[in-house]
Amino acid sequence: MGVRRWIEGWPVYRQLTGPDRTARAAAAKSDGSEKWHARTEDADKVVKSICPFCAVGCGQKVYVKDGRVTQIEGDPDSPISRGRLCPKGSASKQLVTSPSRVTEVLYRRPYGTDWERLPLDTAMDMIADRVLKTRAETWQDKDEQGRPLNRTLGFASLGGATLDNEENYLMKKLYTALGAIQIENQARI
């Protein structure tokens with residue numbers, strides 16, 4: 001390729017001398033950049049969500065294609081964050097797509113000495129079974145004078161700082177429905 005042709009093909013030269021003077025953006029485009037597009041354009045659906053990191057509750061838009069998260073951005077419709085995310089919130093796509101994401105739990109059986117790996121779904125089922133069993137075994141219908149109690153002292157709940165008000169509300173409703181009376185969250189401690 002000749003030097004003259006190379007210089008004439010250079011976007012800066014075209015911007016200054018050619019018909020691109022009025023359309024500077026067009027002059028800066030190349031064949032490669034013409035093929036680029038935003039990851040969000042290919043999404044099958046957009047799901048509104050809440051950032052999981054702190055208790056502020058910033059809104060997020062989660063872009064999904066073929067059942068996989070492709071992008072997470074701030075939700076401009078959120079009255080809390082108005083489309084803005086902190087560095088942790090901006091990086092939350094890594095939380096759900098990282099190859100090092102934990103999908104198993106380590107479990108040591110009673111009186112066992114070794115840890116074994118269990119799928120997360122199996123562990124969740126085990127927890128649910130134990131909650132129901134503990135509730136049944138520790139349920140108190142009435143006190144010594146026959147007054148109704150309808151409670152269990154067999155388990156309690158302590159919510160963390162990443163739970164927003166709505167999640168704390170739902171946990172309070174769940175544990176109250178299960179009959180627990182020791183229910184706290186970090187926001188109140």
Side-chain angles (χ1 to χ4, degrees), residues 38-75 77-78 80-81 83-140 150-189:
R39 286 179 284 217
T40 57
E41 289 178 16
D42 294 336
D44 297 330
K45 63 181 176 177
V46 180
V47 181
K48 293 194 179 236
S49 185
I50 303 294
C51 180
F53 285 107
C54 73
V56 173
C58 295
Q60 291 182 323
K61 292 170 83 174
V62 180
Y63 294 85
V64 180
K65 180 178 172 73
D66 300 327
R68 300 191 56 149
V69 174
T70 58
Q71 180 71 8
I72 297 178
E73 295 180 352
D75 183 0
D77 296 333
S78 168
I80 295 168
S81 57
R84 298 172 187 87
L85 293 174
C86 72
K88 284 175 119 178
S90 296
S92 58
K93 177 179 174 254
Q94 296 173 11
L95 185 67
V96 293
T97 62
S98 171
S100 61
R101 179 182 178 164
V102 176
T103 58
E104 297 178 319
V105 297
L106 292 176
Y107 175 69
R108 189 172 66 194
R109 298 199 179 272
Y111 308 105
T113 58
D114 295 325
W115 293 96
E116 63 181 279
R117 293 186 181 279
L118 294 179
L120 191 56
D121 288 340
T122 302
M124 295 297 281
D125 289 342
M126 290 170 68
I127 292 168
D129 292 343
R130 290 173 183 183
V131 166
L132 294 175
K133 181 178 182 242
T134 300
R135 180 182 186 268
E137 290 174 354
T138 61
W139 186 255
Q140 298 172 333
N150 297 325
R151 71 178 187 194
T152 180
L153 301 177
F155 51 81
S157 169
L158 176 60
T162 59
L163 300 176
D164 59 28
N165 286 341
E166 291 80 10
E167 291 165 320
N168 278 315
Y169 173 78
L170 291 173
M171 287 186 63
K172 170 73 170 150
K173 296 287 277 186
L174 169 67
Y175 282 99
T176 300
L178 288 170
I181 59 171
Q182 298 109 336
I183 307 166
E184 281 295 341
N185 65 65
Q186 193 170 349
R188 292 178 17 151
I189 295 178

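Checking side-chain atoms of Ser157 against main-chain N and O of Ile183 turns up no donor-acceptor pair under 3.5 Å. Judged by distance alone, the side chain of Ser92 and the main-chain N or O of Gly89 form a donor-acceptor pair under 3.5 Å. Checking side-chain atoms of Thr138 against main-chain N and O of Thr152 turns up no donor-acceptor pair under 3.5 Å.
Rounding to the nearest 0.5 Å places CD of Gln71 at 10.0 Å from OG1 of Thr97. A distance of 11.5 Å separates CD in Gln182 from CG in Leu158, rounded to the nearest 0.5 Å. From Lys61, atom NZ reaches atom OG of Ser78 across 11.5 Å, with rounding to the nearest 0.5 Å. Separating the OG atom in Ser90 from the CZ atom in Arg84 is a distance of 12.0 Å, to the nearest 0.5 Å. To the nearest 0.5 Å, the span separating CG on Leu85 from CG on Asp75 amounts to 9.0 Å. Put simply, CD1 on Ile181 and CZ on Arg151 are 4.5 Å apart, with the number rounded to the nearest 0.5 Å.
Counting heavy atoms from C-beta outward, Asp44 and Val64 have side chains that stay 4.5 Å or more apart.
Taking all atoms of both residues into account, the shortest heavy-atom contact from Gly159 to Asn168 is CA-OD1, 4.4 Å. Contact record, Lys93 with Val69: CE-O, 3.9 Å, taken as the closest heavy-atom pair. Between Arg108 and Gly112, the closest heavy-atom pair is CD-O, 3.4 Å. Contact detail for Lys88 and Phe53: the closest heavy-atom pair is O-CE1, 3.2 Å.
Considering only residues two or more places apart in sequence or on other chains, Glu116 meets the side-chain hydrogen bond (donor to acceptor under 3.5 Å, both in side chains) condition with Arg109. Residues forming a side-chain hydrogen bond (donor to acceptor under 3.5 Å, both in side chains) with Asp42 (at least two apart in sequence, or on another chain): His37.
Between the side chains of Glu73 and Thr40, not a single donor N or O lies within less than 3.5 Å of an accepting N or O.
Counting non-hydrogen atoms of other residues, nucleotides and ligands closer than 6.0 Å to CE of Met124 gives a total of 12 or fewer. Counting non-hydrogen atoms of other residues, nucleotides and ligands closer than 6.0 Å to CD of Gln140 gives a total above 12.
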Decide side-chain contact (heavy atoms from CB on, under 4.5 Å) for Leu120 and Thr103; before the verdict, give the C-alpha distance in whole Å, the side-chain angles of both, and the deciding distance to 0.1 Å.
CA-CA 6 Å; Leu120 191 56; Thr103 58; 5.6 Å; no
Take Glu167 and Ile50 through the side-chain contact (heavy atoms from CB on, under 4.5 Å) test and state the conclusion after the steps.
CA-CA 11 Å; Glu167 291 165 320; Ile50 303 294; over 6 Å; no
So Phe155 and Leu178, side-chain contact (heavy atoms from CB on, under 4.5 Å) or not? Walk me through it.
CA-CA 10 Å; Phe155 51 81; Leu178 288 170; 3.9 Å; yes
Where do Val105 and Arg117 land on the side-chain contact (heavy atoms from CB on, under 4.5 Å) test, with the steps shown first?
CA-CA 6 Å; Val105 297; Arg117 293 186 181 279; over 6 Å; no
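A side chain to side chain donor-acceptor pair (under 3.5 Å) check over residues 169-178, counting only residues at least two apart or in different chains, returns nothing.
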